[in-house]
Peer 1: 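Quick one: structure below, then a few questions.
Every number for a ligand or one of its atoms is a count from 1 in the order of the listing. In what follows, residues are counted from 1 in the order of the sequence shown. Just so it is clear, the values below take in all heavy atoms, side chains as well, and ignore hydrogens, waters and symmetry mates.
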Amino acid sequence: MRELRALEPDFWRAPSAHNTQPWTLTYGDDEVAVGWDPDRALPISDPTGRDLRLSLGAFVECCLIVCADAGLGVAFRPDPGPRRVGFLHAAARPYETPFTTADVRARGANRGEYHPGRLPEEVAAGLTGLRRVACRDLADLLHAADLHQFGDREVTRELRAWLRLTRRHRRYLLDGLSDRALSLTRLEALGLRASLALYPALRRLGLPRVLAGASRGLLDYDGDVLVLVGPPEEEMEAGRALMRHWLTLSGLGYTTHPLSQIIDCERTRRELADRLGVDDPCSLLHVARVGRPKAPAAPSARLRD
Ligand SMILES: Cc1cc2nc3c(=O)[nH]c(=O)nc-3n(C[C@H](O)[C@H](O)[C@H](O)COP(=O)(O)O)c2cc1C
């Protein structure tokens with residue numbers, strides 16, 4: 001158990017929506033419960049807990065990889081309970097994985113510009129459960145979803161609570177989305193801070209349109225968007241698979257930029273399901289653009305750093 005505690009900073013490199021790092025580890029005598037902290041969930045923007053369960057799955061996968069790299073025989077037993085998804089416990093052998101702690105440390109979202117170009121067919125074919133769509137084919141849905149997101153007072157308020165747009169923010173080095181992780185210049189960060197502070201007054205005067213306009217050209221290039229499709233009741237497992245896919249891509253020099261707003265908005269989620277020929281819109285679990293970034297991204301903060 002002591003050895004596991006020492007590895008926590010690497011477990012914590014797992015990705016989570018808004019970088020809330022919602023997971024908790026509760027140490028028992030011979031196993032560790034993996035759970036979540038409700039204060040770190042996103043009840044407004046993630047009311048069904050889809051992103052929470054994906055993030056917890058990614059966290060479990062990270063824990064197993066990091067333990068395996070340290071030579072520790074540790075396995076995961078799903079056992080959903082109140083605010084709990086299961087237990088890490090001792091196993092005869094380390095978890096079998098091609099990934100290492102160095103891979104976990106090297107992965108990160110990148111929201112900057114990507115070089116044009118689609119994923120090679122052989123790479124895309126290895127990403128089980130992920131469907132790929134040309135960026136330009138989803139540009140209209142992204143804009144509609146951004147308008148929906150920024151038009152919603154409560155969603156915007158919740159997002160704002162996790163933004164760290166100035167280095168003077170007291171949680172800048174702990175959690176949330178920093179100006180640097182969002183690839184914003186100082187001026188852009190200042191503009192976003194000011195407009196969000198004035199949001200209640202400016203909402204009716206068109207602020208949502210201005211905020212959504214900032215990402216207008218984001219998908220207007222020759223690139224790929226990946227959509228994770230799977231049974232909604234297996235979101236935790238899907239989070240583990242997503243983490244493995246992100247690590248595979250990262251090892252090949254690709255990064256991802258999640259665009260969850262497209263499936264957070266009911267209308268755009270339904271439209272995307274239609275375009276993909278997927279019957280149940282709730283089986284769209286995650287959306288992210290993928291590509292070779294033009295510049296490295298700043299690493300995001302962690303509570304355990
Ligand atoms: C389930 C899930 C949903 C996410 N949705 C978004 C999103 O909609 N937009 C975005 O920019 N990042 C999104 N992210 C990326 C997180 O913000 C990111 O993982 C977190 O800030 C930690 O940064 P890192 O991935 O660079 O370590 C998502 C991540 C996860 C796991």
Peer 1: Hey, which atoms in ligand 1 end up nearer than 4.0 Å to a heavy atom of His18?
Peer 2: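 Those qualifying, in numeric order: 17 (O).
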Peer 1: With hydrophobic residues grouped by side-chain heavy-atom distances under 4.5 Å, do Val123 and Leu130 end up in a single group?
Peer 2: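 Linked within one cluster.
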Peer 1: Apply the side chain to side chain contact (heavy atoms under 4.5 Å, CB included) test between Tyr114 and each candidate in Arg289, Arg292, Lys294; give the one that qualifies.
Peer 2: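 Among the candidates, only Arg289 passes.
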Peer 1: Students often mix this up, so state it plainly: with edges at 30° and 60°, are the rings of Phe59 and Phe11 parallel, tilted or perpendicular?
Peer 2: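 The rings of Phe59 and Phe11 stand perpendicular, inter-plane angle above 60°.
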Peer 1: Considering heavy atoms of the protein only, find what lies nearest to atom 16 (C) of ligand 1 and give residue, atom and distance to 0.1 Å.
Peer 2: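 Sorting protein heavy atoms by distance from atom 16 (C) of ligand 1 puts Ser16 O, 3.2 Å first.
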Peer 1: With a cut-off of 4.0 Å, which atoms of ligand 1 are near a heavy atom of Leu177?
Peer 2: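 Ligand 1 atoms under the 4.0 Å threshold to Leu177: 17 (O), 21 (O).
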Peer 1: Would you mind telling me which of Asn19, Asp179, Asp175 makes a side chain to side chain donor-acceptor pair (under 3.5 Å) with Arg164?
Peer 2: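 It is Asp175, the one option of Asn19, Asp179, Asp175 that forms the side chain to side chain donor-acceptor pair (under 3.5 Å) with Arg164.
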Peer 1: Do ligand 1 and Arg302 have nitrogen or oxygen atoms that lie under 3.5 Å from each other?
Peer 2: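 N/O-N/O distance below 3.5 Å exists for this pair.
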Peer 1: If the cut-off is 4.0 Å to any non-hydrogen atom of Ser300, which atoms of ligand 1 fall inside it?
Peer 2: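 Listed by number with element, the hits are 22 (C), 23 (O), 24 (P), 26 (O), 27 (O).
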Peer 1: Does Arg157 come within less than 4.0 Å of Glu154, counting only side-chain N to carboxylate O?
Peer 2: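 Answer for the salt bridge query: yes.
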Peer 1: Please determine, by modelled atom types, if Ser215 and Asp146 share a side-chain donor-acceptor pair under 3.5 angstrom.
Peer 2: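 Their side chains do contain a donor-acceptor pair, which is all the 3.5 Å distance test asks for.
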Peer 1: I need the atoms of ligand 1 closer than 4.0 Å to a non-hydrogen atom of Asn19, numbered in the order shown.
Peer 2: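 Answer for ligand 1: 20 (C), 21 (O), 22 (C).
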Peer 1: Out of all atoms in ligand 1, which are within 4.0 Å of some heavy atom of Gly108? Include the element for each.
Peer 2: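 So the atoms of ligand 1 that pass are 26 (O).
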Peer 1: Between the side chains of Arg13 and Asp305, is the shortest nitrogen-to-carboxylate-oxygen separation below 4.0 Å, so that they form an ion pair?
Peer 2: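 Salt bridge present between Asp305 and Arg13.
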Peer 1: Provide the number and element of each atom of ligand 1 under 4.0 Å from a heavy atom of Ser260.
Peer 2: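 Counting atoms of ligand 1 from 1, those under 4.0 Å from Ser260 are 3 (C), 4 (C), 5 (N), 6 (C), 7 (C), 8 (O).
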Peer 1: Using a 4.0 Å cut-off to any heavy atom of Gln261, which atoms of ligand 1 qualify?
Peer 2: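 Listed by number with element: 8 (O).
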Peer 1: Check whether any heavy atom of Arg50 sits under 4.0 Å from an atom of ligand 1.
Peer 2: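 The answer is no: ligand 1 sits nowhere under 4.0 Å from a heavy atom of Arg50.
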Peer 1: Under 4.0 Å from any heavy atom of Ala109, which atoms of ligand 1 are there?
Peer 2: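 The list of qualifying atoms is 24 (P), 25 (O), 26 (O).
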Peer 1: Do Leu52 and Leu42 have side-chain heavy atoms sitting under 4.5 Å apart?
Peer 2: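 Leu52 vs Leu42: side chains apart.
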